[in-house]
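Notes for the one structure printed next.
FYI, side chains are in, hydrogens and waters are out, and symmetry mates aren't considered; it's all heavy atoms of this structure. Lettering of chains follows the sequences in order, A, B, ..., and the numbering in each one begins at 1.
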Amino acid sequence: MPELPEVEVTRRALEPLVGRRIRAVVVREPRLRWPVPPELAGFVGRRLRAVRRRGKYLLLDCGGAHLILHLGMSGSLRLVRAGTPAGPHEHVDIAIAGRLVLRLRDPRRFGAVLCTGGAPEMHPLLAHLGVEPLAPEFDGARLHALARGRRISIKQLLMDARRIAGLGNIYASEALFLAGIHPARRASSLSAACCARLARAIRRTLRAAIRAGGSTLRDFVGADGTTGCFQLHARVYGRAGEPCRRCGAPIRRFVQGQRASYYCPRCQR
DNA sequence: CCGACAACCTGTGAGC
DNA sequence: TGCTCACAGGTTGTCG
């Protein structure tokens, strides 16, 4: 379920580990989106300096060298106590001083665990990521500039990580509803005022989702993993046929760029 | 530049 | 109950 807010909530949950050393790395299944590199073993003994996020990537700064984590479609991280037996699809453990284990579970194995000795933003997967939607420089003007001259639909622009990093299918849909913009609208057709409204809607949607997930942070350590974290009161996503929460018209679903899109035909133009 | 499509995987829920 | 099918929150790469 991970889009930017879920990754950010996870990042915050890992912050208390900063300052501790990595005691061991266990890879039970290296076949993720890309093979888990054997160089991971070289992180044993390193101290965790910071936990950052770039788009949907988690960056564990180990003093120069970085671990790069991506949760893909179905990945999640949990902190468990050392000695906890691994369940199905729990592919990678990063054992931390203090009898804790950072455990990656990823049934579909679309996630990734990678590492780099250089600057993580230079890593090929991160080098071409676009603007952070929660960074101060992301505003209506920036969005308007990104959309100028683009013939693609606004929803596909929002989900293009090379332009805006971290927006996925759910939050793109929800933000477009909040801004009253039809997902199939040509990006270049949005006025500056429209872009300002949309940029605000994006930030508001992401912040609300982070807040909702953040309230369950306490459950992160030692939870059974099935706690309904990250619950979102979806206004359109996954609600085809159900009444719009604002006007009552039935929510519609259509396929756009291979992904399901949901919108209210009356509220979104 | 753009859209369409396939690929990587497994789990789940709907319908029969 | 058990089977089959459609579909799922991400990303990369190819083709026309």
Return the value, rounded to whole Å, for the distance between atom CD1 of A/Ile170 and atom C1' of C/dG9.
5 Å
Would you say A/Arg81 has more than 12 foreign heavy atoms packed within less than 6.0 Å of its CZ?
no
Gap between atoms CZ and P, on A/Arg259 and C/dA6 respectively (whole Å)
19 Å
Strand-adjacent residues in residues 183-192 of chain A, judged by heavy atoms under 4.0 Å from DNA chain B:
none
Residues A/Arg78 and A/Glu90 bridged, charged N to O under 4.0 Å:
yes
What's the verdict on ring pair (Phe, Tyr, Trp, His ring centres under 6.0 Å) for A/Tyr262 and A/Phe254, showing C-alpha distance, side-chain angles and the deciding distance?
CA-CA 7 Å; A/Tyr262 301 86; A/Phe254 72 109; 9.0 Å; no
If the sugar-phosphate is the primed atoms plus P, OP1 and OP2 and the base is the rest, what is the B/S/- string for nucleotides 2-12 of chain B, using protein heavy atoms under 4.0 Å?
SSSB--BBBS-
C/dC7 and B/dC5: how far apart are their P atoms, nearest whole angstrom?
14 Å
Option passing side-chain contact (heavy atoms from CB on, under 4.5 Å) with A/Leu67 (candidates A/Asp61, A/Ile22, A/Leu58):
A/Ile22
Give the intermediate values and the outcome of side chain to side chain contact (heavy atoms under 4.5 Å, CB included) for residues A/Tyr171 and A/Met159.
CA-CA 9 Å; A/Tyr171 296 110; A/Met159 291 176 57; over 6 Å; no
May I ask you to check whether over 12 heavy atoms, not counting those of A/Arg246, lie within 6.0 Å of atom CZ?
yes
Rounded to whole Å, CG of A/Asp106 lies from P of C/dA8 at a distance of 18 Å
Could you give the distance separating B/dC9 and C/dT4 at their P atoms, to the nearest angstrom?
22 Å
Is any side-chain nitrogen or oxygen of A/His70 closer than 4.0 Å to OP1 or OP2 of C/dT11?
yes
Please determine whether a side-chain nitrogen of the Lys or Arg among A/Asp93 and A/Arg28 lies less than 4.0 Å from a carboxylate oxygen of the Asp or Glu.
yes
Does A/Arg54 come within less than 4.0 Å of A/Glu132, counting only side-chain N to carboxylate O?
yes
Calculate the interatomic distance between A/Asn169 atom CG and C/dC7 atom C1'; express it in whole Å.
12 Å
Name the nucleic acid region contacted by A/Leu71, choosing base, sugar-phosphate or nothing; use a 4.0 angstrom heavy-atom cut-off, strictly under.
nothing
Criterion side-chain contact (heavy atoms from CB on, under 4.5 Å) against A/Tyr263, the qualifying member of A/Arg269, A/Arg253, A/His182:
A/His182
To the nearest Å, give me how far apart NZ (A/Lys56) and P (C/dG10) are.
4 Å
Under 3.5 Å, which donor-acceptor pairs do the side chains of residues 144-153 of chain A form with other protein atoms, sequence neighbours left out?
| residue | atom | partner | partner atom | Å |
| --- | --- | --- | --- | --- |
| A/His144 | NE2 | A/Leu190 | O | 3.4 |
| A/Ser153 | OG | A/Gln156 | N | 3.3 |
| A/Ser153 | OG | A/Gln256 | NE2 | 3.0 |

With 3.5 Å as the limit, what N/O pairs link the protein to nucleotides 14-16 of chain C?
none

For A/Tyr237 and C/dG9, is the shortest distance between a side-chain N/O and OP1 or OP2 below 4.0 Å?
yes
Given pairs defined as Watson-Crick or G-U wobble with both distances under 3.5 Å, what dot-bracket annotation applies to DNA chain B, with ( ) intrastrand, [ ] crossing, | other strand and . unpaired?
.|||||||.|||||||
In residues 114-130 of chain A, what donor-acceptor pairs under 3.5 Å come from side-chain atoms, sequence neighbours left out?
| residue | atom | partner | partner atom | Å |
| --- | --- | --- | --- | --- |
| A/Thr116 | OG1 | A/Gly118 | N | 3.2 |
| A/His123 | ND1 | A/Leu125 | N | 3.1 |

Tell me, with the steps shown, if A/Asp160 and A/Arg163 meet salt bridge (Lys or Arg N to Asp or Glu O under 4.0 Å).
CA-CA 6 Å; A/Asp160 182 351; A/Arg163 300 194 159 76; 2.5 Å; yes
Do the side chains of A/Arg53 and A/Glu8 get close enough for a salt bridge, i.e. N-O under 4.0 angstrom?
yes
Separation of C/dC7 C1' from A/Met73 CE (nearest whole Å):
9 Å
Could A/Arg142 and A/Phe138 be counted as a cation-pi pair, given that NZ or CZ must be under 6.0 Å from the ring centre and within 45° of the axis?
no
Look at all strands and tell whether A/Ala260 reaches a base, only sugar-phosphate, or nothing, counting heavy atoms closer than 4.0 Å.
sugar-phosphate
